[in-house]
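Let me begin by presenting the structure, written as structure tokens, before commenting on it.
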Amino acid sequence: MRTMIKRPGAQGALVQRDLSIHPPAHAPGYKTSVLRSPRLAPISFDASPTEATGPIFGPDVVGPGDDDLLTNYAAPGESAIGPRIVVMGRLLDGSGRPVPRALIEVWQANAGGRYRHKRDGYLAPLDPNFGGCGRCMTDDDGWYSFRTVQPGAYPWPNRANDWRPAHIHISVFGEAFAQRLITQMYFEGDPLIPHCPILHTVPDAAAVDRLVARFDKSATIPMDACTWRFDIVLRGRRQTPFENRMEGL
Amino acid sequence: MQGRSHPWANALGWLPETASQTGGPYVHIGCVPSFAGLEGMYGGRDLGASCRRDGHVGEAITVEGRVFDGTGAPLRDALLELWQADANGRFAGEDGSDPAFDGWSRQPTDGETGLYRFETVRPGRVVWPDGRMQAPHIGLWIVARGINVGLYTRVYFEGDPANEEDPLLARVEHGERRATLMARGGEDDVWRFDIHLQGPKETVFFDV
């Protein structure tokens, strides 16, 4: 395989993570977290190069069509079933700088709320033309987009009658391993949002709201697909004097 | 939003980080689709399935183990990522780094046994921010259903004399907990590193 890492991740220490906007490890409303949450305090330190660098992928890692979940698993000439949507947004770091050429991976249930996974036994059928994963790289200005079907809501075993709102899982690489992030994107107006134990592991109402993508009429493609806007912010890095000069700050 | 800088400090308009959410039970679909059963996706090869190629520099090693929950049961749905320096202590992409070593790999725990396995190289030493040298170590990031924010820990190598002077190990206040950061064995270059999410053997996790 080709070398996938083309340049070193950025050096420079990271800004301390604001844990108040992240879910606690132990969130009893989400029962699985009870046995999977460390109980001792994590040990804090200022990032060494192992944490301040990270894998940076070359553009050849992502193939043409990887960002189109409508067709990337479909038979030739076929397309996944469900509402056609585009999800787009910008990847920024905490200082507001775009993160260019970063790898974003997504996965989701199909339009009926069923995952293509051997452990998912939900009643809703699989769609033979929908795999449920996609990936893309951000452009030079940090923009990303992918095309897919709007996922369905589905029930899950937590309390007796818990449902996941429609959501898309998103995995993001920044420039530092300590920026690594997995999150979930929800859809504005979904009536299940206030009832989701997983979304509400996030203790901060504004942080919850930022996980909800907005319908973007202006970017919607007429007679084709509705567009949803979802910006992602990674932790910031403290700039080094060298970087400041490079950017002319 | 651009910030202003100063010789001693930055004054930046910070945006809040996007909140983390669990990777969930189907994290494999997005990150290791071939493992999840999506035959042929992305050319049929999961990104990061291996990180070393023929001709790499240094000692080839295997790091393997399991991730245990609070009852001692292994997680059979976790995903781990590794990031480390090459045998000379350089990260991929750095000048002089080993072109046959990526430094990054991603592996699921086995759906039956819970075992994960990385085929990598024994890393060289990397500098600490104050100029001291760290002991050889591997960065490890763990996500799974029930883990709300990815957990970060490090793998050190039991018996390495450099461990005695490692600045981060020295920061672990309860000395006996350092043992949770040590891969053991090393016979036939196979190192065992089990992760305990809770309990008396709870692994040391880091907030970086």
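Contact of H196(B) with chain A is not made at all, since no heavy-atom distance falls under 4.5 Å. R90(B) does not touch chain A: none of its heavy atoms, backbone or side chain, sits under 4.5 Å away. Contact of P25(B) with chain A is made through the backbone alone, with heavy-atom distances under 4.5 Å. Contact of N72(A) with chain B is made through backbone and side chain together, with heavy-atom distances under 4.5 Å. For I195(B), no part lies near chain A; criterion is any non-hydrogen pair under 4.5 Å. Interface remark: L234(A) contributes backbone atoms only to the contact with chain B (heavy atom separation under 4.5 Å).
Listed options C31(B), G40(B), A19(B), G111(B) were ranked by heavy-atom pairs under 4.5 angstrom with chain A; first place goes to A19(B). The most heavy-atom pairs under 4.5 Å with chain B, out of I21(A), D66(A), L40(A), come from L40(A). In terms of heavy-atom pairs under 4.5 angstrom with chain B, the leader among S171(A), S37(A), G134(A) is S37(A). Your options are G30(B), G139(B), G70(B), and the one with the most heavy-atom pairs under 4.5 Å with chain A is G30(B). The most heavy-atom pairs under 4.5 Å with chain B, out of L199(A), L19(A), V172(A), V34(A), come from L199(A). Between chain A and the options L168(B), V172(B), T203(B), the largest number of non-hydrogen pairs under 4.5 Å is found for L168(B). Ranked by non-hydrogen atom pairs under 4.5 Å with chain B, the options V208(A), T201(A), D18(A), I170(A) are led by T201(A). The candidate from I198(A), V15(A), V106(A) with the greatest count of non-hydrogen atom pairs under 4.5 Å with chain B is I198(A). For the set I147(B), L75(B), V127(B), the entry with the most heavy-atom pairs within less than 4.5 Å of chain A is L75(B). For the set R135(A), H169(A), Q184(A), R235(A), the count of heavy-atom pairs under 4.5 angstrom toward chain B peaks at R135(A). Ranked by heavy-atom pairs under 4.5 Å with chain A, the list P167(B), G146(B), G37(B) is led by G146(B).
Contact record, D93(A) with L15(B): O-CD1, 4.0 Å, taken as the closest heavy-atom pair. Considering all non-hydrogen atoms of both residues, H117(A) and A36(B) come closest at CD2-CB, 4.3 Å. The heavy-atom pair separating A47(A) from P129(B) by the smallest distance is O-CG, 3.5 Å. Among all heavy-atom pairs drawn from S44(A) and D207(B), the shortest one is OG-OD2, 2.9 Å. Across all non-hydrogen atoms, the minimal contact from G23(B) to W107(A) is O-CZ2, 3.6 Å. Listed here is the closest heavy atom pair of D231(A) and T18(B): O-OG1, 4.2 Å.
Side-chain atoms of Y42(B) and E105(A) include no donor-acceptor pair closer than 3.5 Å. Under the 3.5 Å distance criterion, with hydrogens and angles disregarded, a donor-acceptor pair is assigned to the side chains of E51(A) and Y152(B).
One distance of note links CD1 of I29(B) with CZ of R116(A); it measures 9.0 Å at 0.5 Å rounding. Rounding to the nearest 0.5 angstrom, the gap separating the CZ atom in R36(A) from the CD1 atom in I142(B) is 12.5 Å.
The neighbour count for E59(B) CD, taken as heavy atoms of other residues, nucleotides or ligands under 6.0 Å away, is above 12. Applying the 6.0 Å contact sphere to CD of E176(B) captures more than 12 heavy atoms from other residues, nucleotides or ligands.
Put simply, the side chain of Y30(A) reaches to within 4.5 Å of the side chain of R145(B), judged on heavy atoms. Annotation: side chain of L47(B) is in contact with side chain of L103(A) (closest heavy-atom distance under 4.5 Å). Using a 4.5 Å heavy-atom cutoff, the side chains of Q21(B) and H22(A) are not in contact. No side-chain heavy atom of D102(B) sits less than 4.5 Å from a side-chain heavy atom of P55(A). Looking only at side-chain heavy atoms (C-beta outward), T50(A) and F91(B) come within less than 4.5 Å of each other. Residues V126(B) and P49(A) have side chains in contact (heavy-atom distance under 4.5 Å, counting atoms from C-beta outward). Contact of the H26(A) side chain with the Q198(B) side chain is not registered, since no non-hydrogen atoms from C-beta on lie closer than 4.5 Å. Within the 4.5 Å cutoff, side-chain heavy atoms of R17(A) are placed close to those of V149(B).
Geometrically, R171(B) does not engage F45(A) in a cation-pi contact, judged by NZ or CZ lying under 6.0 Å from the ring centre and within 45° of the ring axis.
Checked for salt-bridge contact, R210(A) and E17(B) miss the test: no charged N lies under 4.0 Å from a carboxylate O. Taking the charged nitrogens against the carboxylate oxygens, R39(A) and E202(B) have no contact shorter than 4.0 Å, which rules out a salt bridge.
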Evaluate the side chain to side chain contact (heavy atoms under 4.5 Å, CB included) criterion for residues L35(A) and L197(B): first the C-alpha distance (whole Å), next the side-chain angles of each, then the deciding distance (0.1 Å), finally the verdict. CA-CA 8 Å; L35(A) 282 173; L197(B) 300 178; over 6 Å; no
side-chain hydrogen bond (donor to acceptor under 3.5 Å, both in side chains) evaluation trace for Q134(B) with S48(A): CA-CA 9 Å; Q134(B) 305 183 68; S48(A) 90; 3.0 Å; yes
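No option in T183(A), V202(A), L181(A) other than L181(A) meets the side-chain contact (heavy atoms from CB on, under 4.5 Å) test with S20(B).
When ring centroids are compared, F177(A) and W104(B) stay outside the 6.0 Å threshold. Aromatic ring centres of W83(B) and F173(A): separated by at least 6.0 Å.
Contacts between residues 126-133 of chain A and chain B, counted as heavy-atom pairs separated by less than 4.5 Å, involve G131(A), G132(A), C133(A).
Between the side chain of Y73(A) and the backbone N or O of M41(B) there is no donor-acceptor pair closer than 3.5 Å. Looking only at distances, a side-chain donor or acceptor of N148(B) sits under 3.5 Å from a matching main-chain atom of P24(A).
Take R177(B) and apply the salt bridge (Lys or Arg N to Asp or Glu O under 4.0 Å) test, not counting sequence neighbours, and it matches no residue.
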